[in-house]
Amino acid sequence: GLSTGAPILPVSITTEMDGQITLLIKDPIDKGEESMSHEDKVKHILAQYVDHLQGMWKNKPQHIYWGFIEKYLRQIKSDTG
């Protein structure tokens, strides 16, 4: 992480229809430049992780936890009235 210097590895676990479990460990996330503020580093790291999730969900939407989708849709509904 930022405070320890440990690499941040995006990890995905998927289960296929035949029961096969796949563990995907991607290359470490870039933590940004030393000159960046802490807040900018966090945003930089988070953007990369979001890209990782979007790619996984685009290619394998069956692995989206539908409870998150339901919560998101309820939030949109309450925000729009």
Side-chain angles (χ1 to χ4, degrees):
L2 287 176
S3 61
T4 66
I8 302 170
L9 302 173
V11 176
S12 302
I13 300 171
T14 58
T15 305
E16 304 306 324
M17 293 297 290
D18 63 0
Q20 177 182 343
I21 297 172
T22 302
L23 172 65
L24 175 64
I25 302 172
K26 297 188 82 176
D27 291 333
I29 287 178
D30 174 55
K31 296 180 197 173
E33 300 295 324
E34 286 296 320
S35 61
M36 296 170 74
S37 70
H38 181 79
E39 182 179 344
D40 287 342
K41 286 181 182 181
V42 170
K43 289 177 182 177
H44 179 72
I45 290 167
L46 187 57
Q48 293 171 80
Y49 189 69
V50 167
D51 287 345
H52 164 72
L53 288 178
Q54 285 178 330
M56 186 185 90
W57 292 344
K58 180 180 178 183
N59 294 323
K60 295 184 178 260
Q62 68 271 27
H63 296 291
I64 299 173
Y65 175 60
W66 291 106
F68 292 142
I69 300 296
E70 181 183 14
K71 182 179 177 182
Y72 173 74
L73 293 174
R74 271 192 265 125
Q75 182 66 41
I76 290 175
K77 184 176 180 181
S78 68
D79 287 348
T80 59

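This is a predicted model, so every value here is computed, not measured.
- In this structure the side chain of Q75 never reaches within 4.5 angstrom of the side chain of K71, judged on heavy atoms.
- Looking at every heavy atom in both residues, K58 comes nearest to P61 through O-CD, 3.8 Å.
- The CG atom of L9 sits 11.5 Å away from atom NZ of K26, with the distance rounded to the nearest 0.5 Å.
- Note that the CD1 atom of I45 and the CG atom of D40 stand 11.0 Å from one another [nearest 0.5 Å].
- Although no hydrogens or angles enter the test, the distance criterion places no donor-acceptor pair under 3.5 Å between the side chain of K60 and the main chain of E16.
- In the displayed structure, Q62 atom CD is contacted under 6.0 Å by more than 12 heavy atoms of other residues, nucleotides or ligands.
- Scanning both residues, I29 and P10, for their nearest heavy atoms gives CG1-CG, 3.6 Å.
- There is a path of hydrophobic side-chain contacts, each under 4.5 Å, that joins I69 to W57.
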### Task
Begin from the C-alpha positions of T14 and L24 and carry the test side-chain contact (heavy atoms from CB on, under 4.5 Å) through to its verdict.
CA-CA 8 Å; T14 58; L24 175 64; over 6 Å; no
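- Within 6.0 Å of the CD atom in E33, the count of heavy atoms belonging to other residues, nucleotides or ligands does not exceed 12.
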Could you pull out every donor-acceptor pair under 3.5 Å between side chains of residues 48-56 and any protein atom, sequence neighbours left out?
residue: Q48; atom: OE1; partner: D30; partner atom: N; Å: 3.0
residue: Q48; atom: NE2; partner: D30; partner atom: O; Å: 2.6
residue: Q48; atom: NE2; partner: H44; partner atom: O; Å: 3.1
residue: Q48; atom: NE2; partner: H44; partner atom: NE2; Å: 3.3
residue: H52; atom: NE2; partner: S12; partner atom: OG; Å: 2.8

